[in-house]
Amino acid sequence: MKHTISMTINGAPVTAEVDSRLLLVHFIRENLDLTGTHIGCDTSNCGACTILLDGKSIKSCTYLAVRADGAEITTIEGLAAEGTNHPLQQAFHDQHGLHCGFCTPGMIMRSVDLLKNNPNPTEEEIRWGISGNLCRCTGYNNIVKSVQQAAKEMQSESESV
């Protein structure tokens, strides 16, 4: 069965006809060609597919596209203005918070939600906050350092405004 859905993705309105069983991750990657959202496990275990839906991080590999009708979605491609980096993207670069890069988009999107709700997390809170996202390369230490750096930078930015 086909459904017409409309949403805003990375600030742009999108309307499409989709099959009722189409997963949101496949809609994002295949219909919109936004391939920064990765498919890892198809079970919501790894978190590589994490996006923001109405400001909250979700795993898009088990979320139906039809459920996102009317939603505001942000993918890694829409996190910062073109040619710039979000503080988390820059911190992952600065702190070597990525190796192969496969988990990085989902890890960053989860961390955006974490820092929105807890702008000054402890190391333990960061580790718990990203625990639903798996990285097979880094051992997480540099990911935690990345989130800590971004938290400091984002606090400095908000204090100077």
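Values below: all heavy atoms of this structure, side chains included; hydrogens, waters and symmetry mates excluded.
Using a distance-only test at 3.5 Å, with no hydrogens or angles considered, a donor-acceptor pair links the side chain of Arg110 to the main chain of Gly129. The backbone N or O of Ala80 lies less than 3.5 Å from no partner atom in the side chain of Thr84, so there is not a single donor-acceptor pair. With hydrogens and angles ignored, the 3.5 Å screen pairs no side-chain donor or acceptor of Glu157 with any backbone N or O of Met154. When atom types are taken as modelled, the side chain of Asp54 and the backbone of Glu72 share a donor-acceptor pair closer than 3.5 angstrom. The closest donor-acceptor contact from the side chain of Lys59 to the backbone of Gly132 lies under 3.5 Å. Looking only at distances, no side-chain donor or acceptor of Ser60 sits under 3.5 Å from a matching main-chain atom of Tyr63.
When side chains are defined from C-beta on, Thr4 counts as touching Thr15, because their heavy atoms get closer than 4.5 Å. Counting only heavy atoms from C-beta outward, the side chains of Leu114 and Val147 approach each other to under 4.5 Å. Side-chain atoms of Glu17 and His3, non-hydrogen and from C-beta on, never get closer than 4.5 Å to each other.
To the nearest 0.5 Å, the span separating OG1 on Thr74 from NZ on Lys56 amounts to 14.5 Å.
Side-chain contact annotation: Arg29 with Thr35, donor-acceptor N/O pair under 3.5 Å absent.
The ring-ring contact (aromatic ring centres under 6.0 Å, His included) pairs that include a residue from residues 13-36 number zero, where partners must be two or more places apart or lie in different chains.
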